[in-house]
Student: 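Pasting in a structure now, in structure tokens, and then I'll have a few things to ask.
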There are 2 protein chains.
Amino acid sequence: MLHVHDLRQEPIQVPTRPRAFEPAARADQTIRLKQDQTIYSEGQKVLAFYQVEAGAIRIYRLMPDGHRHILSFCVKGDWFGLEQGDRRADFAEAVCEARIRPFATTGSSTFTNNLLNIALANLAKAQSRQMAMIEQSALKRVAVFIQEMAERHPGESEFDLMMCRSDVADYLGLTIETVARSFTKLRERRIIRLKGKLQRCVQLLDRDALAALAL
Amino acid sequence: MLHVHDLRQEPIQVPTRPRAFEPAARADQTIRLKQDQTIYSEGQKVLAFYQVEAGAIRIYRLMPDGHRHILSFCVKGDWFGLEQGDRRADFAEAVCEARIRPFATTGSSTFTNNLLNIALANLAKAQSRQMAMIEQSALKRVAVFIQEMAERHPGESEFDLMMCRSDVADYLGLTIETVARSFTKLRERRIIRLKGKLQRCVQLLDRDALAALAL
DNA sequence: CGTTCAATTGAGAATTCTCAAGGTCAGTGG
DNA sequence: CCACTGACCTTGAGAATTCTCAATTGAACG
């Protein structure tokens, strides 16, 4: 288990000159937060990450439709705010009165370690996946899935899913029947066309409609 | 974006002497996989991580009830197999014919970087959360949630959730009504007792029954 | 005592699951 | 050549679960 001291004794590539920290934050100095107080918001520059000393923090994202999805609750000892890239992808707020301790980062240039980048990339993927999975509509989940797969074949309007319906179902938390019905709906709406004997090859007919479904 | 060469030119703390790699793997040598071939299994020692060159890989876990949950599909360029700890928490199999390239790690001692540990811990949490969220029963999700919160108060049979029902709902992907109904069921079954004016303080009455629900 | 806020409960609508049946395609063997 | 088989996908119908919308409860507070 990591403790505050591990980091304080081995500060991670501290900025060479003083910098502004996240709102209300000062280097290595405990921050007191009131209920619902914001620590950072989506789009802000990443200037620090944090460890919770007391209380609880909620990390969340807002979907395009205004729906809020909480990625995690952080309590005493938990770390948050370490992200891929130099911009916040989510919001951090105090659930109740809380205390947190900030640690400095310099944004993107700090994280030169390849392993760290890989881990952060996978973390980012896991989180966006969490967002998609939680969507309650089966059709939306499948739409998100197809989009995700399509993004891996940039510029191509046709690609092979490679996996069977059962794989898709276990990935999306649905049954194979519901997956098949969702594919059928997308086919009926002329958003995709399915090819191949096993119907695993997807041709995108209407990217906009697909994106609209995936929100 | 990271490329293979980034890592090959700066090998990450390569083992001082030759080691055995994950089954069928040799250092920096492409591995060819047949459909459904296993790369590693849960519980195995972590000896390498991988980048996909062709085909697709499924990363999954098995729930205690035998239910399979796929955490991610990895395709060309994706990395997988970098985990917290020195034991596999999941399975990796080829979805179809595939090629992957292994990279050496020495297990736990390699990852001395604090940031990396934090990132991996958060990744692990996000993944186990993903598992819980995908569970289709609302009661099970709430049970998992209470367990998760209880684990943060070891030895205590009573603790304060701190967050409102709406926070819980947005975390579990349910409505506040369904959350309330699930709490009521747990209360009726004498698994928990709710205290405080806002019913946010949980007293655990039957940990075994809770664990059974959470699976 | 009325107001407010959060939580709870109820009833009907909507969605997904379960179970069952039917379809297609490739491979196999008579 | 053709029936049979197995694997996989699709479709249908009823059961179960959750959502939506509305009303109710309970505690705190002026």
Side-chain angles (χ1 to χ4, degrees), chain A residues 35-36 58 63 65-69 95-96 132-146 160-189 192-203 213 215, chain B residues 34-36 58 63 65-69 95-96 132-146 160-189 192-203 213:
Chain A
Q35 184 176 332
D36 293 324
R58 62 174 157 256
M63 322 278 288
D65 65 349
H67 194 280
R68 181 185 70 161
H69 177 85
V95 168
C96 52
M133 305 296 108
I134 221 69
E135 291 305 324
Q136 37 270 65
S137 159
L139 189 60
K140 188 182 283 189
R141 290 193 206 184
V142 173
V144 169
F145 168 72
I146 293 178
D160 190 351
L161 288 179
M162 294 184 280
M163 69 278 296
C164 64
R165 295 289 186 267
S166 157
D167 279 344
V168 179
D170 285 352
Y171 181 58
L172 299 178
L174 300 169
T175 57
I176 55 176
E177 294 95 333
T178 302
V179 170
R181 280 185 254 265
S182 299
F183 271 110
T184 300
K185 272 185 194 161
L186 293 175
R187 194 159 26 85
E188 286 169 351
R189 297 190 192 177
I192 62 170
R193 181 174 298 163
L194 295 171
K195 297 184 174 181
K197 72 157 183 168
L198 292 176
Q199 305 285 86
R200 292 181 190 171
C201 192
V202 177
Q203 183 185 359
L213 274 181
L215 262 183
Chain B
K34 280 173 274 182
Q35 183 175 334
D36 293 324
R58 63 175 156 255
M63 322 279 289
D65 65 349
H67 194 279
R68 181 184 72 161
H69 178 88
V95 168
C96 52
M133 305 297 108
I134 221 69
E135 291 305 325
Q136 37 269 70
S137 159
L139 190 59
K140 186 181 284 189
R141 290 193 206 183
V142 173
V144 168
F145 168 72
I146 292 178
D160 190 352
L161 286 179
M162 295 183 280
M163 70 280 294
C164 65
R165 295 288 184 270
S166 157
D167 278 344
V168 179
D170 285 351
Y171 181 58
L172 298 179
L174 300 169
T175 58
I176 55 176
E177 295 94 332
T178 302
V179 171
R181 280 185 254 266
S182 299
F183 271 111
T184 300
K185 271 185 195 162
L186 293 175
R187 196 161 22 85
E188 285 170 352
R189 297 190 193 178
I192 61 170
R193 181 176 297 162
L194 294 171
K195 297 184 175 182
K197 72 160 182 168
L198 292 177
Q199 305 286 85
R200 290 181 192 173
C201 191
V202 178
Q203 183 185 358
L213 274 181

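The basis for the numbers below is simple: all heavy atoms, side chains too, and nothing from hydrogens, waters or symmetry mates. The chains referred to below are lettered A, B, ... by the order of the sequence lines, with proteins before strands, and numbering in each begins at 1. Keep in mind that this is a model prediction, so the values were computed, not measured.
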Student: With axes from five pairs an end, tell me the bend angle of the helix from C:dC1-D:dG30 to C:dG30-D:dC1, nearest 10°.
Tutor: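 Taking five pairs per end, the axes differ by 10°.
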
Student: Report yes if a side-chain nitrogen or oxygen of B:T178 is closer than 4.0 Å to either non-bridging phosphate oxygen (OP1 or OP2) of D:dC19; otherwise report no.
Tutor: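 For D:dC19, OP1 or OP2 has a side-chain N or O of B:T178 closer than 4.0 Å.
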
Student: Please find the pair of heavy atoms, one from B:C96 and one from A:M162, that lie closest to each other, and give the distance.
Tutor: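 That would be SG-SD, 3.4 Å.
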
Student: Return yes when atom NZ of B:K185 has more than 12 non-hydrogen atoms of other residues, nucleotides or ligands closer than 6.0 Å, and no otherwise.
Tutor: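 Result for NZ/B:K185: open.
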
Student: Once hydrogens and angles are ignored, does a donor-acceptor distance under 3.5 Å link the base of C:dC19 to the side chain of A:E177?
Tutor: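 A donor-acceptor contact between them is present.
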
Student: Is the number of heavy atoms from other residues, nucleotides or ligands under 6.0 Å of B:R68 CZ greater than 12?
Tutor: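 Yes - once you tally the heavy atoms of other residues, nucleotides and ligands closer than 6.0 Å, there are more than 12.
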
Student: What is the distance, rounded to the nearest whole Å, between atom CG of A:L186 and atom C1' of D:dC9?
Tutor: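 Roughly 15 Å, once rounded to whole Å.
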
Student: Touch check for B:G196, heavy atoms < 4.0 angstrom, all strands: base, sugar-phosphate only, or nothing?
Tutor: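 No contact at all - B:G196 keeps every heavy atom at 4.0 Å or more from the nucleic acid.
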
Student: Please confirm whether any donor atom in the side chain of A:R181 sits under 3.5 Å from an acceptor in the base of C:dT18, or the reverse.
Tutor: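 For A:R181, whose side chain was compared with the base of C:dT18, there is a donor-acceptor pair (under 3.5 Å).
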
Student: Using a heavy-atom cut-off of 4.0 Å across all strands, would you classify A:R200 as base, sugar-phosphate, or nothing?
Tutor: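 Sugar-phosphate, backbone atoms only, no base.
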
Student: Nearest-nucleotide wise, let me know which of A:L139 and B:K197 is further upstream toward the 5' end of DNA chain C.
Tutor: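 Mapping each residue to its closest nucleotide by heavy atoms, the 5'-most match is B:K197.
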
Student: Determine the contact category for B:L174: base if any of its heavy atoms lies under 4.0 Å from a base atom, sugar-phosphate if only primed atoms, P, OP1 or OP2 are that close, otherwise nothing.
Tutor: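 Here B:L174 touches the backbone only, sparing every base.
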
Student: Indicate whether any N or O donor in one side chain lies under 3.5 Å from an N or O acceptor in the other, for A:R187 and A:T184.
Tutor: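 On atom types as modelled, these side chains qualify, holding a pair under 3.5 Å.
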
